Enquirer: 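Submitted below is the structure of interest, expressed as structure tokens.
The shown structure was predicted, so the numbers you read here are calculated from the model rather than taken from an experiment. Each chain gets a letter, A, B and so on, in the order its sequence line appears, and its residues count up from 1.
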2 protein chains.
Amino acid sequence: MPPAERADAARNRAKVLEAAEQLFATRDPATVTMDDIAKAAGVGRGTLYRRYPDRASIARALLDAHEHEIQERLLRGEGPLGPEPATTPAERLSAFYSAMVRLLERHSHLLLGAETGPARLTTGAYGFWRAHVRMLAAAAHAPDPDVLADHLLAPLAPEVYRRHRDQGVSPERVEAALHLLAHRLLGDRTPNS
Amino acid sequence: MPPAERADAARNRAKVLEAAEQLFATRDPATVTMDDIAKAAGVGRGTLYRRYPDRASIARALLDAHEHEIQERLLRGEGPLGPEPATTPAERLSAFYSAMVRLLERHSHLLLGAETGPARLTTGAYGFWRAHVRMLAAAAHAPDPDVLADHLLAPLAPEVYRRHRDQGVSPERVEAALHLLAHRLLGDRTPNS
DNA sequence: CAGTCAAGTGGACACGATGTCCGCTTAGTG
DNA sequence: CACTAAGCGGACATCGTGTCCACTTGACTG
């Protein structure tokens, strides 16, 4: 039984997260150093490392809340995200894409700080998304859902999204392109904008 | 007019590339350091940095030959890769995917060494692939080819491919999944394995 | 075949980030 | 108030990067 967190520890945890949030939002996340975060939070390096072994784990902690929210909705299933009465797999994948675009739009800096490169695919969150999409692919009787799932998630790589946005592509356009993908790959043949 | 490369310089260039090739193939490319390469090649750090500012540029130099070969074929167009008589955009995209899978299979270590993370999207090579795929998407009258092109390339991220292979997925399965993608997204509605 | 000079070499150096270690501080408890 | 262990924080050792510069060597020239 973890004997509960001490008050100063909790205070510092909050200070760290707040400072990190700020830094990630302000500067390029890749250039933010552990030392920067420690200084900004007003704590020592040791304190920082005690809880967070690296930058990624901090970003992940910041993301956790938001990702859990989506995961909840996926499981419980309000609206088209969940297993509502008469929704097709394609519709549900579209809804998932929309939710992810919103997440990317709001927190792309965090996602870039946390999960760039090969590490992204080993996250717990990625595993969750993957399982969900795989299930949808299987439900749509698509061939080889195991491989397809990863291919369907690939366009959600933070670097791809960020690049689109930087080039003036609106979130809505990205979303539309993803909806096309969903409908063309998982089923019904009357898609389109 | 570049006054031609000196003999010792050429010799060292060769030694560096050979050593780097070895190292990238042997160890995890991400852990290979500039110093390692210099030592393995038997040259000083200064010599190494003179020509290659970082690990990525070395990996790219090693890849160049192979990528140019594909680019040649794309432009000249032997077989279904190029603008042969009566090939559909979907067919040409499939052929492109096949070529890329072969490249990934043979050189995924180099690709991981060179182009992981956001940097991948800024490569000259990526720009080339992108232009090609965009053109195919446009030819197929797909909506928003600019965005779709990146989404079609996303599954070719080296980390995705490597992960599949590491989990025992055969190149052929990956290829099949990509062919499905190509046919479902760019046109003819008689796809499938 | 010298002589010369710039291209090329290589290692020492300064810097910055990482992660660890350990003596001190402080919150929580009886 | 005293005690104890969780928590703190900065000093330290280590490593990789990139730069700099005194020296070497290949190539050209008279």
Enquirer: Using five base pairs at each end to define the local axes, how bent is the helix from C:dC1-D:dG30 to C:dG30-D:dC1, to the nearest 10°?
Expert: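 One end's axis against the other's: 10°.
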Enquirer: N/O contacts under 3.5 Å, protein versus nucleotides 16-20 of chain C?
Expert:
from	atom 1	to	atom 2	distance (Å)
C:dT18	OP2	A:Thr33	OG1	2.8
C:dT18	OP2	A:Met34	N	3.3
C:dG19	OP2	A:Tyr49	OH	3.4
C:dG19	N7	A:Arg45	NH2	2.5
C:dG19	O6	A:Arg45	NE	3.1

Enquirer: Rounded to the nearest Å, what distance is computed from the CZ atom of residue B:Arg50 to the C1' atom of nucleotide D:dT17?
Expert: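 Interatomic distance, CZ of B:Arg50 to C1' of D:dT17: 18 Å.
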Enquirer: Please check if the side chain of A:Arg51 supplies one atom and the backbone of A:Ala9 the other of a donor-acceptor pair under 3.5 Å.
Expert: yes
Enquirer: Between B:His109 and B:Thr26, is any side-chain donor less than 3.5 angstrom from a side-chain acceptor?
Expert: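 Checked: B:His109/B:Thr26 side chains show no N/O donor-acceptor pair below 3.5 Å.
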Enquirer: Could you give the CD1-to-C1' distance, from A:Ile37 to D:dG9, as a whole number of Å?
Expert: 16 Å
Enquirer: What is the distance, to the nearest angstrom, from the CZ atom on A:Arg13 to the C1' atom on D:dA6?
Expert: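 It works out to 14 Å between those atoms.
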Enquirer: When you measure from the side chain of B:Arg130 to the backbone of B:Asp146, do you find a donor-acceptor pair of N or O atoms at a distance under 3.5 Å?
Expert: yes
Enquirer: Is there a donor-acceptor contact under 3.5 Å linking the side chains of B:His183 and B:Glu91?
Expert: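 B:His183 vs B:Glu91: donor-acceptor pair found between side chains.
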Enquirer: Counting just side-chain N and O atoms, does A:Thr47 come under 4.0 Å of either OP1 or OP2 of D:dG9?
Expert: yes
Enquirer: Taking it one step at a time, do A:His179 and A:Tyr97 satisfy ring pair (Phe, Tyr, Trp, His ring centres under 6.0 Å)?
Expert: CA-CA 7 Å; A:His179 286 177; A:Tyr97 275 153; 7.4 Å; no
Enquirer: Between A:Arg162 (side chain only) and A:Leu104 (backbone N and O only), is there a donor and an acceptor less than 3.5 Å apart?
Expert: no
Enquirer: Just by modelled atom types, is the B:Asp28 backbone N or O under 3.5 Å from a matching donor or acceptor in the B:Thr31 side chain?
Expert: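 Yes, B:Thr31 side chain to B:Asp28 backbone: donor-acceptor pair under 3.5 Å.
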Enquirer: Any side-chain donor paired with an acceptor under 3.5 Å for A:Thr87 and A:Arg92?
Expert: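 Looking only at side-chain atoms, A:Arg92 and A:Thr87 do not form any donor-acceptor pair under 3.5 Å.
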Enquirer: Over 60° means perpendicular and under 30° means parallel, so tell me whether A:His151 and B:His164 are parallel, tilted or perpendicular.
Expert: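 It falls in the perpendicular class, over 60°.
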Enquirer: Would you say B:Asn12 reaches C:dG8's phosphate, i.e. side-chain N/O to OP1/OP2 under 4.0 Å?
Expert: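 No, because none of the side-chain N or O atoms of B:Asn12 sits under 4.0 Å from OP1 or OP2 of C:dG8.
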Enquirer: If you count every heavy atom of other residues, nucleotides or ligands that lies below 6.0 Å from A:Arg106 atom CZ, does the total exceed 12?
Expert: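 No - once you tally the heavy atoms of other residues, nucleotides and ligands closer than 6.0 Å, there are 12 at most.
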Enquirer: Using a cut-off of under 3.5 Å, enumerate the N/O to N/O pairs linking the protein to nucleotides 27-30 of chain C.
Expert:
from	atom 1	to	atom 2	distance (Å)
C:dG28	OP1	A:Ala7	N	3.1

Enquirer: Looking just at side-chain N and O atoms, do A:Tyr161 and A:Asp166 make a donor-acceptor pair shorter than 3.5 Å?
Expert: no
